[in-house]
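Inspection log for the structure reproduced underneath, given as structure tokens.
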Amino acid sequence: MSRYNFKSVETKWQNYWEKNKSFKAKINPSKKKFYCLEMFPYPSGKIHMGHVRNYTIGDVLARYKSLQGYNVLHPMGWDSFGMPAENAAKQNNLDPKKWTEENILNMKTQLKKLGLSIDWEREISTCNKDYYKHQQAFFLELYKKKLVYRKENYVNWDPVDETVLANEQVINGKGWRSGAVVERKKLSQWFFNISKFSQKLLDGLEKLDNWPNKVKTMQKNWIGKSFGCEIDFKIEGNLPVKNIKCFTTRPDTLFGFSFLALSVDHEVSKYFEDNKDFLIFKEECSKTGTTEEAIAVGEKIGFKTNLLAVNPLNPKQKVPVYFANFVLMDYGFGAVFGCPAHDQRDFDFAKKYDLEIKTVVRPHDKDEKFRVDKEAYPGPGILINSNILNGLRAPENSILETIKILEKKKIGKKQINFRLKDWGVSRQRYWGCPIPIAYDENGKPYPIPRSMLPVELPENIDLNVKGNPLDNQNNWREVTINGKKLLRETDTLDTFVCSSWYYLRFCSPNETEYGFKKDDIDYWMPVDQYIGGVEHAILHLLYSRFFMQALSHDNDNFNILEPFDGLFTQGMVCHETYKDPDDNWLSPDEIENIDGKKYLKRDKTKAVLVGPSESMSKSKKNTVDPENIIADYGADSARLFILSDSPPAKDVQWSEEGIISSFKFIQKLWKLNEKILKEINKGHKQDFDNEISKFTNKYLKKVHDNLENFSYNKIIANLYEMYSFLNKQIEKAYTKPTLVENYQKILVAMTPILPHFANECLSLIEAKNLSWPKYDVSMLKEEAIKIVIQINGKKRGLVQSKPNINEEKLFEIIKNDEKIKKYLIQKNIKKKIYIKDKLLNIII
RNA sequence: GGGCGAAUGGCGGAACUGGUAGACGCGCACGACUCAAAAUCGUGUUUCGCAAGAAGUGAGAGUUCGAUUCUCUCUUCGCCCACCA
């Protein structure tokens, strides 16, 4: 008996695939295509277990589809622009480009060791000018279509680092690097007009049948469509303000109106620019940051103006106008009408400033005397104290009726509002795709002509400056267009732009004229199965969908509206956490197991505190390096284990025991393989029975069904069952053709999971023409079945029978059965329920 | 505060449209081999009970001959969003 040498076998097959270009994808109109894509990685330097899981899941599918006869496109690339490179370069005085390229090389080697079926000839990297050149062209294309524009917008500003921070980089109101309190600052930024497609992006979700509902609802909520009404309020006071528009979803509560609140950025604020108190108030508001959860919990504050707003349905009523910190400028009109009785936020505000709280809706189970007291009542009911609206049912007909009245009086109209905001793509960063725009001395933007693309990033520049390093590159900034001296835009594009179209590029990775070739995308797109983490459920997936909308806008040549036909979101990889007695995190390789307990390796008298399993992170040190795992146990073991323990959609817990047992199982399969080879060579003259063929068929059906449903964990269970069956059954003597036929089918069905091992075994039985084995339905039928006997719904016995037995016959058998008989003595049988070949329930 | 989802042995998880709960794995126990250990192989492993048997899928109700699966109420946990007018 030889030991399975995974090192030589895995290297052998990886070299074989590379030499034979086994996974090269070529257009072939006579074959059905399958585009299998996993979210491409950021080249941080090393692959992590999350990558191993993501790419293994994708590889199982790609290999399965390929065996089924599909023409599979399974590419890989690098999302290689972004802050980590810039930060690493800053800290270690390196060139981001060099840093990134080295990382890519390293990670590519690691990925290859996993034995992925990737067409590496299509590899792309977004920081490569051959890639971002086309991205700049797309930017200009959208600019021409007026889907890109510039506007002033608030950003999170780190005053110490002099840079803009993404929302995720603001932690408790402070910059993640500097720790400085983040300010709100107005900057002129480039925007993609994603909100123009709100309705289309919403409608598109309906057709995405192969997307998880969870992701669809997340996108739906993010787009946030709401139905309501815009109301024009007349304003009285000593300022030249005549009207203020508000958006509301509850126009029916208009008689409960008691204040009008404006955003501090509302145009009315211009009349208060010299008002000291207002400026102090505005300052106060900006301190709360832009996106903090604290805002929601935070106190509502207001600044009272001397303006009065008139209730359009009750002109005698005039209420004060405030500026308030809770009103957002970029939703609705930056102004809200306050109805404290039926909105908790308005209620809090009214309590604080002692404003009227007028109840205008009573719950169905309360009478006219109902008054809102301790908290707002936002629920359904009947309108009261509302003059002409009294008696209407809220919300069933009250909202529409009110809108009708307002429309008739021309003081309001029906409106649909979306929460989705335009996508700000400007980043004050060096390591990103330059925006192909230049400005004249008046700040007027000019697009860089296509012939001058790409706008290349200058290399080897000093990054250790405050703010955006590109601002200091005066030589680079100067550009002459049509004889005009201009200065380049120094902002670079958000890296999400790079990942919004990379799947198109994989179809035509070498096309030079444009981002893709029409023939290529016509054949390969859309992506049939996209696989990645849920963390991208909103932004990346929505931006990609937007990009397709934008490209097809006013363009008859491009009609892909949804880039990803199928989406699968996999769970995270978790590991137990460990701490030493001094409360410091410990990594798994600092720990030793002694008698089932965990001790410090360097001091074995000290016990280790074992914490809950959490997603692998550097800060908690509960990471495991895939490189070591592959070196110690092999890629097939790693693949087997990462798939075995949990359904792919859920989190999986990595454990030492788990990977070891997977490793051992492959050794067992190898021993079984030798046993089978021996049996094949024995040349038995006759088959002992046909159990082995029946088993193979049943097994193939299970594996097939589980592959189709992403139940990859169950396939591993099937594998174990297969092992124990064959291990016992094989010795009963089968002829060579029977053994080879069945074993070959089993091995082919194993290749998606254990590609190296299965291919090695297949070569040993000299298998040719490998394609996915179909199961024979007629072989699935059972000759003997087990029927459950229940008395009053409780299981009391199990009877073996031939299929298609009728109720009477079955009852004849069981009424004499020892186990059942005793329950039936001296009992009247009221009823019998028989589910054919499955179950007989006797009611007594 | 809003939305979505989940809850099954010591653990990860099975159970297709309601029909044998706990497949498969880990862990554990016992046994075989061994001077011994590791490795390997075998047996067992939901709980209570010597057994017959009984209970049992977060809690409580309901529908049903029959509920892990369907309905309602509640609890806990997870994820997403967050002053959205």
Side-chain angles (χ1 to χ4, degrees), chain A residues 1 212-222 224-226 228-229 231 246-251 253 260-261 263 288 291-300 324-328 330-339 343-346 348-349 378 417-421 534-535 537-538 571-572 574 596 613 640-641 644-647 650-653 655-658 660-662 664-665 667-668 671 702 705 709 711 713-724 727 786-798 830-835 838-844:
Chain A
M1 288 261 177
N213 285 329
K214 181 175 60 174
V215 175
K216 285 192 276 187
T217 25
M218 273 158 92
Q219 292 216 353
K220 208 172 153 187
N221 293 340
W222 187 260
K225 183 177 182 172
S226 56
C229 165
I231 302 178
C246 292
F247 173 75
T248 178
T249 53
R250 291 297 302 272
T253 61
L260 199 143
S263 158
T288 30
T291 59
E292 287 306 298
E293 181 199 333
I295 302 173
V297 195
E299 202 183 350
K300 287 145 189 62
N325 64 340
F326 59 83
V327 186
L328 306 169
D330 46 12
Y331 185 82
F333 298 98
V336 294
F337 106 76
C339 174
D343 181 293
Q344 191 56 40
R345 183 201 52 203
D346 295 349
D348 296 342
F349 191 78
N417 230 322
F418 292 95
R419 208 189 75 107
L420 183 63
K421 292 166 195 161
V534 217
E535 64 272 21
I538 298 171
M572 289 180 297
C574 301
S613 188
L640 185 66
F641 178 54
S644 70
D645 250 25
S646 294
K650 284 223 232 164
D651 288 355
V652 66
Q653 287 181 48
S655 70
E656 179 87 4
E657 293 86 359
I660 289 173
S661 96
S662 291
K664 285 180 184 170
F665 182 59
Q667 294 293 344
K668 283 180 170 187
K671 280 188 195 162
K702 281 191 215 167
D705 292 351
N709 298 321
S711 299
N713 55 323
K714 289 190 241 165
I715 298 177
I716 313 301
N718 300 148
L719 262 179
Y720 277 97
E721 285 166 348
M722 181 277 293
Y723 169 81
S724 29
N727 201 33
K786 285 173 185 166
I787 297 171
V788 179
I789 309 300
Q790 293 185 338
I791 312 272
N792 289 341
K794 265 194 183 299
K795 180 188 159 197
R796 293 299 181 192
L798 211 52
K830 288 183 194 148
K831 199 173 162 189
K832 287 192 287 244
I833 292 144
Y834 180 51
I835 312 292
K838 259 192 178 165
L839 164 146
L840 178 70
N841 191 2
I842 301 163
I843 314 302
I844 48 177

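Rounding to whole angstrom units, CG of residue A:Leu328 and P of B:rA85 are separated by 10 Å. Regarding A:Leu798, its CG atom lies at a distance of 16 Å from the P atom of B:rG19, rounded to whole Å. In this structure, CG of A:Asn841 is placed 8 Å from P of B:rG66, rounded to the nearest angstrom. One can place CD1 of A:Ile835 at 16 Å from P of B:rC16, the figure rounded to the nearest angstrom. Summarising the geometry, the separation between CD1 on A:Ile843 and C1' on B:rG19 is reported as 12 Å, rounded to the nearest angstrom. A:Phe641 has its CZ atom 12 Å from the C1' atom of B:rG13, to the nearest Å. For the pair A:Lys702 NZ and B:rA15 P, the interatomic distance rounds to 12 Å; values are reported in whole Å. Taking atom CD1 of A:Ile660 as the reference point, atom C1' of B:rU40 lies 15 Å away to the nearest angstrom.
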I would like to know whether A:Phe641 and A:Ser655 meet side-chain contact (heavy atoms from CB on, under 4.5 Å); could you show each step before the answer? CA-CA 9 Å; A:Phe641 178 54; A:Ser655 70; 4.0 Å; yes
side-chain contact (heavy atoms from CB on, under 4.5 Å) for A:Leu719 and A:Leu640? Distances and angles first, verdict last. CA-CA 10 Å; A:Leu719 262 179; A:Leu640 185 66; 4.0 Å; yes
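Checking B:rC24, B:rG66, B:rC4 against every side-chain atom of A:Thr217, the shortest atom distance belongs to B:rC4. Proximity note for A:Tyr720 (side chain, C-beta onward) versus B:rU40, B:rC65, B:rG25: the nearest is B:rG25. Comparing atom distances between the A:Gln790 side chain and each of B:rG27, B:rG19, B:rG13 picks out B:rG19 as nearest. Comparing B:rA85, B:rC80, B:rG13 by their closest approach to the side chain of A:Ile538 singles out B:rC80. Nearest to the side chain of A:Lys795, among B:rA21, B:rC84, B:rG19, sits B:rA21. In the set B:rC41, B:rG19, B:rC26, B:rC26 carries the atom at the smallest distance from any side-chain atom of A:Glu657. Taking every side-chain heavy atom of A:Ser646 into account, B:rG12 is the closest of B:rC83, B:rG12, B:rC26. Of the candidate nucleotides B:rA39, B:rC81, B:rG3, B:rC81 has the atom nearest to the side chain of A:Trp222. In this structure, the nucleotide among B:rG19, B:rG12, B:rC84 sitting nearest to the side chain of A:Lys421 is B:rC84. Taking only side-chain atoms of A:Ala717, from C-beta outward, the nucleotide of B:rG13, B:rC83, B:rA23 with the closest atom is B:rA23.
Residue A:Asn221 is classed as a sugar-phosphate contact, given heavy-atom separations below 4.0 Å to backbone atoms only. When heavy atoms are screened at a 4.0 angstrom cut-off, A:Lys220 is found touching no nucleic acid atom at all. Within 4.0 Å (heavy atoms only), A:Ile833 reaches at least one base atom of the nucleic acid. Within the 4.0 angstrom heavy-atom criterion, no nucleotide atom of any strand lies near A:Lys216.
For B:rC84, there is no paired nucleotide, since no Watson-Crick or G-U wobble pair has both relevant distances below 3.5 Å. Nucleotide B:rC79: paired with B:rG3 (Watson-Crick or G-U wobble, both distances less than 3.5 Å). Nucleotide B:rU34 is matched to nothing when pairs are restricted to Watson-Crick or G-U wobble geometry with both distances under 3.5 angstrom. The partner of B:rG19, taking Watson-Crick or G-U wobble pairs whose two distances both stay under 3.5 Å, is B:rC65. A 3.5 Å limit on both hydrogen-bonding distances identifies B:rC24 as the Watson-Crick or G-U partner of B:rG12. Both distances falling under 3.5 Å, in either a Watson-Crick or a G-U wobble arrangement, place B:rC74 opposite B:rG58. Pairing for B:rG49 is absent, judged as Watson-Crick or G-U wobble with the two contacts each under 3.5 Å.
Contact of A:Lys300 with B:rC83 (side chain to base): a donor-acceptor pair of N or O atoms is detected under 3.5 Å. Interface remark: the A:Arg345 side chain does form a donor-acceptor pair with the B:rA85 base, using a distance-only criterion of under 3.5 Å.
Residue A:Asn713 places at least one side-chain N or O under 4.0 Å from the OP1 or OP2 atom of B:rA14. Regarding contacts with the backbone of B:rG53, every side-chain N or O of A:Arg796 stays at 4.0 angstrom or more from both OP1 and OP2. Proximity of A:Arg419 to the phosphate of B:rA85: no side-chain N or O atom is located under 4.0 Å from OP1 or OP2. Look at A:Lys714 and you'll find a side-chain N or O under 4.0 angstrom from OP1 or OP2 of B:rA15. For A:Lys664 and B:rU40, the shortest distance from a side-chain N or O to OP1 or OP2 is below 4.0 Å. Considering only side-chain N and O atoms, A:Lys794 lies under 4.0 angstrom from the phosphate OP1 or OP2 of B:rA55.
When the nearest nucleotides of RNA chain B are assigned to A:Ser644 and A:Thr248 by heavy-atom distance, the more 5′-ward of the two goes with A:Ser644. Checking A:Leu839 against A:Val327, the closest nucleotide of RNA chain B that is more toward the 5' end is the one next to A:Leu839.
For B:rC28 and B:rC11, the P atoms lie 15 Å apart once the distance is rounded to whole Å. Nucleotides B:rA21 and B:rC16 place their P atoms 13 Å apart, quoted to the nearest Å. A gap of 15 Å separates the P atoms of B:rA39 and B:rC30, to the nearest Å. For the C1' atoms, the distance from B:rA7 to B:rG53 is 30 Å, rounded to whole Å. The same atom, C1', is picked in B:rU40 and in B:rC33; the two are 9 Å apart, to the nearest Å. Spacing of P atoms, B:rG60 relative to B:rG9, comes out at 15 Å, to the nearest Å. Annotation: B:rU45 and B:rG66 have their P atoms spaced 30 Å apart (nearest Å). For the P atom pair drawn from B:rG42 and B:rU47, the interatomic distance equals 23 Å after rounding to whole Å.
Taking the side chain as every heavy atom from C-beta outward, A:Asp651 and A:Ser646 never approach each other to under 4.5 Å. Taking 4.5 Å as the limit, some side-chain heavy atom of A:Lys300 sits within range of a side-chain heavy atom of A:Arg345. In this structure the side chain of A:Asp346 never reaches within 4.5 angstrom of the side chain of A:Phe337, judged on heavy atoms. Side-chain contact between A:Lys714 and A:Lys702 is absent, with no heavy-atom pair separated by less than 4.5 Å. Looking at A:Tyr834 and A:Ile787, their side chains come closer than 4.5 Å, going by heavy atoms from C-beta outward. Between A:Ser226 and A:Thr249 there is a side-chain heavy-atom pair separated by less than 4.5 Å. Residues A:Val788 and A:Gln790 have side chains in contact (heavy-atom distance under 4.5 Å, counting atoms from C-beta outward).
Here the shortest heavy-atom pairing between A:Asn841 and A:Asn792 reads OD1-N, 3.5 Å.
B:rG31 shows a glycosidic angle more than 90° from 0 and is accordingly assigned anti.
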